[in-house]
Number of protein chains: 2
Amino acid sequence: MWHSSISQAIPPLTQAPANRCGDCLVRHRCLPPSLPTDELHQFAALLTHRRPLQRGDHLYRAGDPPHSLFAIRSGALKTYLIDDDGHEQITGFHLPGELIGLDAIGLDRHPSFAAALETTSLCQLSLVQLETLHEPLPNLRSELLRIISRSLHAEHRLLHLNHRSAEDRLAGFLLDLSERFARRGLSRHCFVLPMSRCDIANYLGLTSETVSRLLARYRQRGWLHIEGREVRLNTDFDLPVLTEHCPLP
Amino acid sequence: MWHSSISQAIPPLTQAPANRCGDCLVRHRCLPPSLPTDELHQFAALLTHRRPLQRGDHLYRAGDPPHSLFAIRSGALKTYLIDDDGHEQITGFHLPGELIGLDAIGLDRHPSFAAALETTSLCQLSLVQLETLHEPLPNLRSELLRIISRSLHAEHRLLHLNHRSAEDRLAGFLLDLSERFARRGLSRHCFVLPMSRCDIANYLGLTSETVSRLLARYRQRGWLHIEGREVRLNTDFDLPVLTEHCPLP
DNA sequence: CGAGCGATTGATTTCTTTCAATATCGGTGG
DNA sequence: CCACCGATATTGAAAGAAATCAATCGCTCG
C-alpha cells in the first residue's frame with residue numbers, strides 16, 4: 001500500500017507560462033479540442049500545474065473536498081474505491097489526455113482515490129473557475145458534458161466485458177489499452193503496461209494467478225509476446241478477439 | 001425479444017398542463033429539486049409528455065439520433081447494449097424519478113437501447129431546449145452535471161459488486177433496489193420486481209438458473225420470501241449483507 | 001387445448017480460485 | 001561486487017463456484 005506522500009504535501013502550484021495547451025502532446029484527446037482558438041487561450045490561461053506525482057503518490061483521497069479537475073499530461077494513474085471491509089477496488093486506469101475527478105463534481109467529498117502508477121504530470125483546473133468559465137466559454141460546458149457522458153458509456157461497455165470469461169476480459173482489457181495508446185499516437189502493438197499484474201487482476205475481478213496463466217496461454221498461442229510489463233501484440237491478437245467485443249465509441 | 005412498437009409510432013407529444021413538477025410524486029428525486037420556485041416553473045413549462053409506453057415498447061434504440069432527456073414518472077425501464085455478436089447486455093434498470101438518456105449527450109446517435117419493463121409514463125425535455133435553458137437557469141446546469149457525475153460514481157460501485165461472488169452480487173442487487181424504492185417513499189421490505197429473472201441474471205452477469213438457486217438459498221435461510229416477482233425482505237437480510245458493500249451515495 | 005415462455009431444480013462439466021512452492025527483478029547494505 | 005531481501009510474477013495441484021445440459025412445472029395467450 002502506498003502512502004509515501006499525500007497531496008497536501010505538494011502545494012507549490014505554479015502558473016507555467018510555457019506549458020500552454022497549444023504545445024501539449026495530448027491536446028487532441030483532452031478537454032480543449034473543440035474550443036475555438038480565442039476560447040482556448042482564455043481557457044489555458046487558467047490552468048495550473050503542480051510538481052509531478054511520483055509512483056504511489058495520491059492525487060486525492062476519498063473524503064477530500066474536491067477542488068479541481070485534472071488532465072493528465074504524461075504518466076498514468078489508477079482510481080479506486082475502498083469498501084467497508086477495507087478491500088481496494090480499482091475503478092479505472094487513466095492515460096495522458098484523460099480527465100480525472102469527474103466523479104466528484106457536485107459532491108462535497110471525493111468518492112474515490114487517485115494514485116500515480118508512475119511519474120505523472122498534470123494540468124489542474126479549479127472547479128470554481130470552471131463555474132465562472134461556463135458563461136464566457138459556452139463550448140466548454142458542452143465539451144465537458146460530452147466527455148462525462150462518454151465516460152458513462154465507457155463504464156457501461158466495461159460492465160459488459162465483466163460478464164465474459166476471464167480470457168475474454170483480459171483480452172478486452174489489453175485491446176482497450178492498445179486502442180487508447182494508439183489514439184494518443186503511440187504504437188498499437190508495442191507498449192509498456194503502467195500497472196502490475198495485481199492491479200490488472202483487481203480491476204478485472206480476477207486473481208493475479210489467473211492473469212499470469214492467461215498471459216501464458218496467449219503467449220503459447222502466439223498471440224503476443226510479454227516480458228514483465230513490456231507487451232507486443234501480434235496481429236493475430238487484434239482480429240479474432242476484437243470482433244467479440246463492442247467497438248470503442 | 002420485444003418489437004411490438006417503436007418510438008416513432010408514438011409521436012403525439014402533448015403539453016400536459018395539469019402535470020407540472022409541483023404535483024409529481026417523484027419530484028424530490030428528479031432533476032428539479034434544487035431549483036428555486038421561479039426557475040422550476042420556467043423549467044416545467046418546457047416539459048412535454050407522451051402517451052405511456054407499454055411493456056416492451058422502446059423509448060429509443062441504439063443509432064437513433066438523440067433528441068431528448070427523459071425523466072420517469074412511473075413504471076420502469078431497462079437500458080441495454082447489443083454487441084457485435086448480437087448478445088444483449090443490460091446496463092441498468094431505471095425507476096421513477098430517474099433520468100434516462102444521459103449517455104447520449106453530445107453524441108449524434110444513441111449508444112444504447114431503452115425499453116419499458118411495464119407501463120411507463122415519462123417527462124421529456126428536448127436537448128435543444130436544454131441548451132437554451134442553461135443561460136436563464138444556471139442551477140439547472142449544475143444539477144445536471146451533479147446527476148450525471150453521480151451516475152458515473154454509481155457505475156463504479158456497480159463495477160465493484162461485479163467482482164464479488166454471485167451470492168453477494170444478487171444480494172447487493174436486491175438491497176440496491178430496496179434502497180431505491182425506499183428513497184421514493186415505497187416500502188423497503190415489500191416490493192414487486194419489475195424485471196424477469198433472466199433480466200436480473202443478464203444484468204449481474206449470471207445465468208437465470210443461478211439466480212433461481214440463490215433466491216432459493218436465501219429463502220431457506222429465512223432471509224426473504226419471494227413468489228414470482230413479489231419480494232418481502234426480512235430484517236435479517238438487510239444487516240448482514242449490506243455491511244459487506246459500499247454504502248449508497 | 002396446446003404452444004411457448006419463464007421459473008425451478010438436478011446432475012455434470014468447466015472454469016476460476018485457493019493454497020503452495022518457486023522464480024525473478026530491483027534495490028540495499030555489508 | 002555480491003549476497004540478501006521484499007515485492008512481483010509464474011507455475012502446479014486441489015478445491016470450489018457457477019455454467020451448462022436437461023427435465024419438469026406453471027402460467028398466459030392465442
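Just so it is clear, the values below take in all heavy atoms, side chains as well, and ignore hydrogens, waters and symmetry mates. Throughout, a chain's letter reflects where its sequence line sits, starting with A, and its residues are numbered from 1.
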For the OG atom of A/S149 and the CD1 atom of B/I148, what is their distance to the nearest 0.5 Å? 4.5 Å
Chi angles and distances behind the side chain to side chain donor-acceptor pair (under 3.5 Å) call for A/H94, A/T79: CA-CA 8 Å; A/H94 307 274; A/T79 47; 2.8 Å; yes
Rounding to a whole Å, what distance do you find between [X]:[atom1] and [N]:[atom2]?
X      : N      : atom1 : atom2 : result
A/R217 : C/dC15 : CZ    : P     : 8 Å
B/L214 : C/dT8  : CG    : P     : 11 Å
A/R229 : C/dG26 : CZ    : C1'   : 12 Å
B/R164 : D/dA18 : CZ    : P     : 13 Å
B/E209 : C/dG10 : CD    : C1'   : 11 Å
A/D199 : D/dT8  : CG    : C1'   : 11 Å
A/Q220 : D/dT11 : CD    : P     : 8 Å
B/E167 : D/dA18 : CD    : C1'   : 12 Å

Give a yes or no on this: more than 12 heavy atoms of other residues, nucleotides or ligands lie within 6.0 Å of atom CZ of B/R229. yes
Nearest to the [X] side chain among [options], which nucleotide is it?
X      : options                : result
B/L206 : D/dA19, D/dT11, D/dA22 : D/dA19
B/R213 : C/dA7, C/dG10, D/dA9   : C/dG10
A/R55  : D/dT8, C/dT16, D/dA19  : D/dT8
B/T207 : C/dC19, C/dA7, D/dT20  : D/dT20
B/R197 : C/dT18, C/dT8, D/dA19  : C/dT8
B/S208 : C/dT8, D/dA19, C/dT16  : C/dT8

So, does A/S196 get its side chain near the phosphate of D/dT8, meaning an N or O under 4.0 Å from OP1 or OP2? no
Does a side-chain N or O from B/S212 land closer than 4.0 Å to OP1 or OP2 of C/dA7, or not? no
Using the ring of each side chain (for Trp, its six-membered ring), is B/Y80 parallel, tilted or perpendicular to B/F113, with breaks at 30° and 60°? parallel
Check each of B/R164, B/H156, B/H163 against A/Q89 using the side chain to side chain donor-acceptor pair (under 3.5 Å) test, and report the only one that passes. B/H163
Contact nearer the 5' end of DNA chain C, comparing A/T210 with A/E227: A/T210
